[in-house]
Amino acid sequence: MADEMLVEGAGQLKGFMTIAGKPVLSTPNGEKLDTAFANLDFMVAIDYFVTETSRHAHIILPPVSPLERDHYDVTFNNFAVHNVAKYSKALFAKQRSAKHDWQIYLELAKRLDKKAVLATKVERLIIKVLGPKFVLNQGLKRGPYKGLNLKQLKKNPHGIDLGALKTMLPQALKNKDKQIHLNVDFYQADLERVQEMMQDYDDKQILLIGRRHVRSNNSWLHNSYRLVKGKPRCTLMLHPETAKEYGIEDGQNVKVTSRVGSVTIVAEVTDELMPNVVSIPHGWGHGRKGVKQKIAQAHAGVSVNDLTDDTLIDQLSGNAAVNGVPVQLEAIEPEATDLETTDSDTDFDMKSGSAA
């Protein structure tokens, strides 16, 4: 993505839009992307905050806060272990000038292209005039549960129990034989490459992996004091043998360097990792200039994606290989404190035992 903005010539990206995203922290070689954003002709962000990414935006379009809009879950219910339906009304009324996400998107579509493919004129009119509540109500009515509608959900603010999950297999399978076809050949064909990679593996090489904490799943959680208070969690975990080999002590600053960059981070020596494997958690790195999140900046940490290599690609999936990144370690010696003084530096009062 960064190269599309940095490499001059035909097709070079000059403008960009982010929607509640932090690619500077969440994509490999974040420093490179940070530089690319800074050199864009125009950037717009749909976001609540001035973050590591949105600080580059020329315009920020903030939607209403979660407490100013109604809510019906259409994402996490897919992971539910029981069938439920719940509609939550907004806690506060939004200001007249404020806009919901969907209002911002429709207005952008209207201004960018009158023939935008986001929605037909009829669909856009329905959403604009009748709003998402109309769409939700129609979806509920046409769902598998007869009699369910938005009015009924509003009467039950704690939700409605729709019963146990219903099996969808094998009916949901589109194959004629109603079997799940695993592409075994696709994976089998890659085993030879993996075996060659293992033969060439250098067990003395230091490899970097990520990690997540239950109170620090993503960067957006770091601006809440309750989730960042206590013992710092943005640390470099490493095995005692690795620490001894590199002269690193628990709590000492360590410089970690990869092909794309380097960070300085506090060491946390632990036997929870294998020797020669180090770990830095995902989502930190809030110390960049211009970020306007005071709590996050006070607990800035470092971004592991300032080390992950954008040229390392998992060949089988085509995704970025953000784990197993080769790095070098360097223990940083604490600055020595000069305790030596001369008679001219300090006049000591022997009677009172104090320095003047």
Residues in salt bridge (charged side-chain N to carboxylate O under 4.0 Å, His left out) contact with Asp3, at least two apart in sequence or another chain: Lys32

Sequence neighbours excluded, every pair satisfying ring pair (Phe, Tyr, Trp, His ring centres under 6.0 Å) that has a member inside residues 159-201: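 Applying ring pair (Phe, Tyr, Trp, His ring centres under 6.0 Å) to every pair that reaches into residues 159-201, excluding sequence neighbours, yields nothing.
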
Pairs under 3.5 angstrom only: tabulate donor-acceptor contacts from the side chains of residues 62-69 to other protein residues two or more places apart or in another chain.
unit_1: Ser65; atom_1: OG; unit_2: Leu67; atom_2: N; d: 3.4
unit_1: Ser65; atom_1: OG; unit_2: Glu68; atom_2: OE1; d: 3.2
unit_1: Glu68; atom_1: OE1; unit_2: Ser65; atom_2: N; d: 3.0

From Asp34 atom CG to Ser303 atom OG, the distance as rounded to the nearest 0.5 Å: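 So the CG of Asp34 and the OG of Ser303 are separated by 9.5 Å.
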
Contact check, side chains of Tyr72 and Ser88, non-hydrogen atoms, under 4.5 Å: no

Contacts of Asp306 that satisfy salt bridge (charged side-chain N to carboxylate O under 4.0 Å, His left out) - sequence neighbours left out: Arg288

Co-members of the apolar cluster containing Val184 [side chain, <4.5 Å]: Leu169, Leu173, Ile180, Leu182

Flag side-chain contact, heavy atom, 4.5 Å: Leu25 against His286: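 In contact.
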
Distance, nearest 0.5 Å, that separates NZ of Lys178 from NZ of Lys174: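 Separation between the atoms: 7.0 Å.
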
Side chain to side chain contact (heavy atoms under 4.5 Å, CB included) partners of Asn83, counting only residues at least two apart: Tyr145, Leu162, Leu165

Worked verdict on Asp70 versus Lys133 for salt bridge (charged side-chain N to carboxylate O under 4.0 Å, His left out): CA-CA 9 Å; Asp70 301 342; Lys133 294 180 183 179; 3.3 Å; yes

Whichever hydrophobic residues join Val7 through chains of side-chain contacts under 4.5 Å: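 Members other than Val7 - counting any ILVMFWY side chain reachable under 4.5 Å - there are none.
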
With sequence neighbours excluded, residues passing side chain to side chain contact (heavy atoms under 4.5 Å, CB included) with Leu227: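 For Leu227 the side chain to side chain contact (heavy atoms under 4.5 Å, CB included) partners, ignoring immediate neighbours, are Arg215, Leu221, Ser224.
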
Spacing of Leu140 atom CG and Lys146 atom NZ [to the nearest 0.5 Å]: 16.0 Å

Cluster companions of Val260 among Ile, Leu, Val, Met, Phe, Trp, Tyr (side-chain spacing under 4.5 Å):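 None; Val260 is a cluster of one.
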
Partner set under side chain to side chain contact (heavy atoms under 4.5 Å, CB included) for Thr311, not counting sequence neighbours: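 With sequence neighbours excluded, Thr311 shows a side chain to side chain contact (heavy atoms under 4.5 Å, CB included) to Arg259, Asp309, given in chain and number order.
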
Gln252 side chain to Ile332 backbone, donor-acceptor under 3.5 Å: yes

Transitive ILVMFWY cluster of Ile248, excluding itself - 4.5 Å side-chain cut-off: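 Ile248 clusters with Ile206, Leu208, Leu236, Leu238, Tyr246, Val254, Val256, Val263, Ile265, Val269, Val278, Ile280, Val302, Val304, Leu307, Leu312, Val325, Val327, Leu329.
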
Under 3.5 Å: donor-acceptor pair, side chain of Asn149, backbone of Gln152: yes

Inter- and intrachain pairs under salt bridge (Lys or Arg N to Asp or Glu O under 4.0 Å), touching residues 232-248, at least two apart: none

Closest contact, heavy atoms only, Ile19 versus Met17: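 Residues Ile19 and Met17, closest heavy atoms: CD1-CE, 4.1 Å.
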
Spacing of NE2 belonging to His282 relative to SG belonging to Cys234, to within rounding of 0.5 Å: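 Those atoms lie 11.5 Å apart.
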
Nearest-0.5 Å distance, CE of residue Met1 to CG of residue Leu33: 6.0 Å

Pairwise distance CD1(Ile295) to CG(Asn223) - rounded to 0.5 angstrom: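 That separation rounds to 5.0 Å.
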
Thr18 side chain near Asp47 side chain, heavy-atom distance below 4.5 Å: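 In short, these two side chains do not touch, never coming nearer than 4.5 Å.
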
